[in-house]
Every structure is written in C-alpha cells, then in structure tokens.
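Note: hydrogens, waters and symmetry copies are ignored here, and every other heavy atom, side chains too, is used. Quick caveat: nothing in here was measured; it's all calculated off a predicted structure. Residues take their numbers from the sequence shown, with the count starting at 1.
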Amino acid sequence: MSPIRTFLPMLGHTRGNRDAATCHFKCGDACAKDVCNTSSNGYFRDIADGALSRRSILGLGAAASAALVVGGQSIGASNATADTIVAPQGGGKLAFKAIAPVPRTVDAVTVPEGYDWAPIIRWGDPLFNNTAAFDITKQSAKRQAGQFGYNNDYLNIIVDKYSGRSGLLVANHEYTNEDLMFDSVWFEANKTEAAKIAMEAHGFSIVEVKRVKSGTPWEYVRGAERNRRITATTPFTVDGPAAGSELLKTVADPTGRTVLGTLNNCAGGTTPWGTVLSGEENFNQYFRGQGSASDARYGIADAATERRWEDVDPRFSARNPGYENEINRFGWIVEIDPQNPNSTPVKHTALGRFKHEGANVRIADDGRVVAYSGDDERFDYVYKFISKDKYRRGDRRHNMRLLSAGDLYVAKFAGNSPVAEIDGAATVPADGSFDGTGTWIPLTLDGESMVPGMSLEEVLVYTRLAGDKVGATKMDRPEDVEPSPVTGKLYIALTNNTQRNTTGKATVDEANPRTKNRDGHVIELTERNNNATATSFNWNILLVAGDPTKDASTYFSGFPKDKVSPISCPDNLAFDSKGNLWISTDGQPGTIGYCDALHKVTLTGSQRGKVEQFLAVPAGAETCGPLIHDRDGSVFVSVQHPGEGGTFQEPTSFFPDYVMNPSKAKRGDVYGPRPSVIQVFTKAKGHGPKK
C-alpha cells in the first residue's frame, strides 16, 4: 500500500540524513520556500565592548501556591518567588560517563551506564475513565479528545508540594503526521474524520502523576481529577491591547476576544505563579492566505494547504468571507492554568505575534515580570516583554494578569571585532571570543507604538514587520531562550540557518559568524547589571556546534575540541540545580549523522564549554522538553516524531512498545512508533515495566 502523502518538497534537498517528512509535517517545508524576512534592516557595527557587572538575582520565599515547581525550565532566577520553592543549588545526583554518539539508524533510547528508562505516557493513552484503551485501527476524533495527544514537545512535572509523591505532567502537542497515524486505505476513505482526529491531537495534555517516593519513577493516573485535554477546538480568551481589535474579528467571533484552539505549540515555560506558557510556532502551514504582504512575511501562501483543514472548517481559509482575520488569531504566547481543569486558557497579545518557540519568565529587581522569546525562523529576531505591573507574592489571581499589559522589545546585537575578522568560517576573532554588546529596541512603550507608521494593534499583530522597521538583528533561527536559575544569564539556542551569507541573504556577523550555518550555535547574554529590565546587554557565543572531528568551524569557548561530544542543531534548553546547561537537539541525523540527543554543558571554570552527551533518542526522533531533576537522579524528555519518514504499513521505528509483530500486540500497544514522554533514572531506584 502507498503512504497517505507522497509529495515531500524537501525530498532530495535535506543535507545528510534528515528525513523530508519531518520538514513537511513539522514546519510546512519552510526550507523549500522563500525566506520570510526580505527586509533590508541593518546588521552589526563595530563598537567597543563594555564590561558588565554580574550578580545573582535569586530570591526565596514561602510557598503560596498549591504546587512545588521544579525542573530545568521552572526553577531559580526565572521563578525565585513566593509561589514556588527554588531547588537548592548543588547536591545533584546525575554523575555519568558521556555516551558515544549513536548512529541515526539505531531504534533505541540510549542512556549512560548505570541508568535505565521507561515511558510515563504515550500518544493515545487514555486520560479519562470513559475513554477506551488505545486502538490505532479504531481511532476517532472523540477518542483522541480523551487521549494523550501527538508529538509532545514542551514538558514539565509540577510536583505537589506537600507529599512530593503526586503532581501534574504538562505537555504540549506540536503537530501530527498522518502518514504514521492512519492506515492509507482508511485515510483515503475518511479524510474529514482524519482531519478532526488531527485537530484533537494538537494542543495540550495535563495529566496527574504519582510515585512511591521522591526519586522513584512516575506513572500517570488515568481518570484523575485534574486531567485535561486542550485541543484545536478548545475556546481561548484573547487579552492585551489587541484584544477586540478589528484585526482579530471574524464572522464566528465578532468580538475578537475568543479563539477556538491553539496550534503548533513548541517550547514553553512554567511561570512563578504556576501557570504554563507555550508558543504557537509554525501556525502558517494550517491556513490558506490571500496573498498579502503580511501573509508572505509570516510564510502563509495563497494556495491549498497540505493538511486541507480548510476543507473541513472554513476558518482555515482567509478566502472564505468573514474569516480573513482568523490567521491573525494564531502565533501568540498562550497561558494555561494546569491546576484548574475548568479554567479558560489565554492568548496574550501584549507579547506580540510571531512564530514563538516559547516564553520563559524572570522576575526583575523591581518586581516586574520579564518574558523572553525567540522567533523560530531563518533571519528572525529575539524579543522580550516587560510587564506594566509588578509581581505580588502569594497573589496568584493578580499575577495571572501580569502578561496582559507591558512593553515589548526586540534585540539588536553588535560585535566588538573588526568586520574583516568575521570570515564566515567561524574563525575565532583576535580577542579570543565572539562577543559584543546589544540593545533592546522598544516596539511598544506605556501602551503606545514606538514604530513609525504602525499603530499599537498593528505592532502586536504584525510584530515581524515592526521588528523589520526598527532594524533588529537577523538571527540564525532563534529557538529556546532560557534564563539560568543560578546566574540569571540568558541562553539562546540558534538552531541553524543554511542560507546565511548566500546570494541575496544576510551576511555573517559576529553573533551569527558562520556561512551556511547548518549546525547552529548558542549565545550567552547578560543584561546590564544583570537586571532583566535593562535596555542594553553584553553577549558572547558559548559554542558553535558541529562534529569537531570533521568540522574545523566548531567552537566550545576554548575547551579542547577533542574532549567534547559532537552536537548539532541546539533546540530546547534546560538547567540542573548546579546551573549546568542542558541542550536537546533537533536535526543531528541530517547534519552529523547521529540520533538526536541530550547534552550537558558546563558553563563555568576551566571546564566551560565541555559538552557531554547524556542520552540519544530513537531513529527519526527529536529530543524535546528536557527536564532535569538531578536531585532525584532523574531526567525527562519528550520523544517527538520517532520513526518519521516511515509509514503506517511500513514503520521505521517501534518505540516505545517495540511490538515487532502486529498480530501479537497487547491491548493498548502499537506496531509502530508513538511519541511519548520518558523518564531516565538510576538503576538503583528501580523502575516500572516498559508499557
């Protein structure tokens, strides 16, 4: 039988062994299309570097919420408040010997000696007692609405503070791959139902988890009180300055204040007050546009979409009268209260509309909340938002409105080395590092637009165009942007950009120093006086990724190249309790030929820049949502799109059930791959059976 979809624009154009199906389903073949940012805004200028003072921003307070938030994306500087308890620094138990890189064809989770792994929850696992056990041959939209969604990305475990033995697992679901989800014959006869299933497989899953005691593995609780699914059909409230704007009104929502669903949610973060933020990333691929300039800037074409949701729901085509603005209702940061399954999630217009990878929050010295975000597109920008109001210790209701009003900024980087020293080969400048200064350029201030010719609402709805106008720096796909829980420094994952310095495209600069940057790099940014509300900063490149045995352009902050694990395409970032950076990757199979992985990076002392690989995910998969509970001796990751490139009939991965004969599959198991959340733990703690 033939697969459902046969047209893959990136087929034959991906470098190495990255599968064209990943490009197709995940981001709508973005690399096969024209670059969205064709602006001629300025780049770097040579200016002197100014030394920044460094100081810790950590603070502690009594817990006031119902949960203890711990984990790589939710502790320390970004969350050192009364609503969370900050994990003490030091004392981590994740000693390990770095594993060797794993060839891309290996269909296994590979972990260090002394560790084991098991899934916590898999695509299709029922969340509610009235949802049937998963049967991939009998799927329906109704069933999927009660099951764990597809292609989980962002991940956190919010531990209930009193017992430490229960909590909430929160994951978002970025996109679907119908080739792997459906039998091709069934799909051809049931395209409408398949589209509805896919809509219900997007969004979020909030699932209660339990464990025997601290340090032992978690398992999910079916039918628990706080379990919830949020999908592409769940109502969201729109808030902020653009709420109710003419640019957001549709025939189905003449108020411009209620949107059905959230799409293509990628990374995220947990706020100090215990809510979860997530970014709507490659939303463009779901919509047919009208051919406008603003559509083009967001990568939206006036053509039938590959998903063909516009054939099922009129809101997915701007050509349908009354739905011209539906596109503008996606591309936002969303906020969800995981503790209240009856709450209405929110889309925050004050943070701007673009392809948000996610958002991560830090409390500034004066109490205001600062949220950082990257626009995951070649040659797009890094942003931060500063709230109008201040954080109130213990006042959760007030704090849940902090992202509704404030000022939005975009970053402009400047290098401090002569232009001639930035040669495109990532040759380290004469001063010994890639570094410089930068400025946060205001897009909105005190409720007014700072962009000539654009109203406040236009700046927020067409934020990319606003960034173009003020001359922000074009970056190499800025994805996760994470503040360190120990130092407050900001780390920015630049995943890759193979069009850097090619004909007609932006040239290299000190913050993006490599021509055709296929492997990506990571920037370390320090705000002026380490104050999150500062409008200037210093920066340096922590690492220029790649396989140092084959690529002379790699750089690891001066650490010997022969003593690091190869790493490519940095994507999601996290921290352990000691302040080490952990980097998950998205694209290593296609760049350096190895399975995607999770790496630990030392940030201080003589070991600064040392990269050590901790785990590898199975064939075709991406490592997402890393969560480091080193004090428990545990690591968690989302294993996204395992077996991508295979089909329902001919899978190329069997993770995590490893059913090799479909006739022998146990109830709830699958012959083929299933995106899943897994936990890695020391063998001394024991583990439950692999489901």
Side-chain angles (χ1 to χ4, degrees), residues 52-61 65 69-87 89 154 156 267-279 333 335 348 350-352 356-374 382-393 399-411 438 440 478-493 523-539 572-577 579 581 603:
L52 291 184
S53 63
R54 298 176 172 88
R55 60 189 178 88
S56 172
I57 61 162
L58 293 177
L60 296 174
S65 69
V69 181
V70 294
Q73 291 144 315
S74 53
I75 61 173
S78 61
N79 289 50
T81 67
D83 287 343
T84 62
I85 299 175
V86 179
Q89 305 310 315
Y154 173 71
N156 199 10
T270 301
T271 67
W273 46 96
T275 60
V276 170
L277 305 179
S278 181
I333 289 296
E335 184 173 11
H348 290 299
L351 276 68
H356 289 272
E357 169 77 8
N360 289 281
V361 167
R362 177 181 169 189
I363 305 298
D365 293 350
D366 66 0
R368 287 182 290 172
V369 169
V370 180
Y372 297 96
S373 194
V382 176
Y383 298 84
K384 82 171 178 180
F385 166 85
I386 304 176
S387 68
K388 176 183 177 182
D389 295 329
K390 297 180 180 181
Y391 171 82
R392 294 180 188 171
R393 182 169 296 180
N399 295 332
M400 288 178 67
R401 297 193 295 267
L402 288 174
L403 302 182
S404 302
D407 303 327
L408 183 64
Y409 298 80
V410 66
W440 292 107
E479 294 214 35
D480 210 0
V481 182
E482 293 269 355
S484 165
V486 175
T487 65
K489 293 177 182 291
L490 198 67
Y491 293 83
I492 306 169
I523 286 178
E524 179 184 75
L525 184 154
T526 306
E527 299 274 26
R528 178 72 62 179
N529 296 323
N530 209 2
N531 187 341
T533 64
T535 56
S536 61
F537 55 84
N538 273 22
W539 64 270
N572 294 151
L573 308 176
F575 295 89
D576 60 29
S577 67
L581 180 67
L603 297 178

Looking at [X] and [Y], what are the two nearest heavy atoms and their distance?
| X | Y | result |
| --- | --- | --- |
| Gly488 | Arg362 | O-NH1, 2.9 Å |
| Ser404 | Ala350 | O-CB, 3.8 Å |
| Ala267 | Ser278 | O-OG, 3.4 Å |
| Val410 | Tyr383 | CG2-CE2, 3.7 Å |
| Tyr391 | Leu402 | CA-CD1, 3.8 Å |
| Val361 | Ala371 | CG2-CB, 4.1 Å |

Quick one, [X] and [Y] - any side-chain contact, counting heavy atoms below 4.5 Å?
| X | Y | answer |
| --- | --- | --- |
| Asn399 | Pro272 | no |
| Pro483 | Lys489 | no |
| Trp273 | Val369 | yes |
| Phe575 | Val486 | no |

Working to the nearest 0.5 Å, report the span between [atom1] of [X] and [atom2] of [Y].
| X | Y | atom1 | atom2 | result |
| --- | --- | --- | --- | --- |
| Ser387 | Ile363 | OG | CD1 | 7.5 Å |
| Ile333 | Leu351 | CD1 | CG | 6.0 Å |
| Leu408 | Phe385 | CG | CZ | 8.0 Å |
| Lys388 | Leu403 | NZ | CG | 14.5 Å |
| Leu490 | Lys384 | CG | NZ | 9.0 Å |
| Ile492 | Glu357 | CD1 | CD | 12.5 Å |

Original post:
Is there a side-chain contact (heavy atoms from CB on, under 4.5 Å) between Trp440 and Ile386 once you walk through the steps?
Top reply: CA-CA 11 Å; Trp440 292 107; Ile386 304 176; over 6 Å; no

Short side-chain to backbone donor-acceptor contact, [X] and [Y], under 3.5 Å:
| X | Y | result |
| --- | --- | --- |
| Asn360 | Val481 | yes |
| Asp366 | Arg368 | yes |
| Asp480 | Gly358 | no |

**OP:** Evaluate side-chain hydrogen bond (donor to acceptor under 3.5 Å, both in side chains) for Tyr409 paired with Thr533, printing each intermediate quantity in order.
**Re:** CA-CA 10 Å; Tyr409 298 80; Thr533 64; over 6 Å; no

Original post:
Are Asn572 and Glu482 linked by a side-chain donor-acceptor pair shorter than 3.5 Å?
Top reply: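 Their side chains do not contain a donor-acceptor pair, so the 3.5 Å distance test is not met.
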
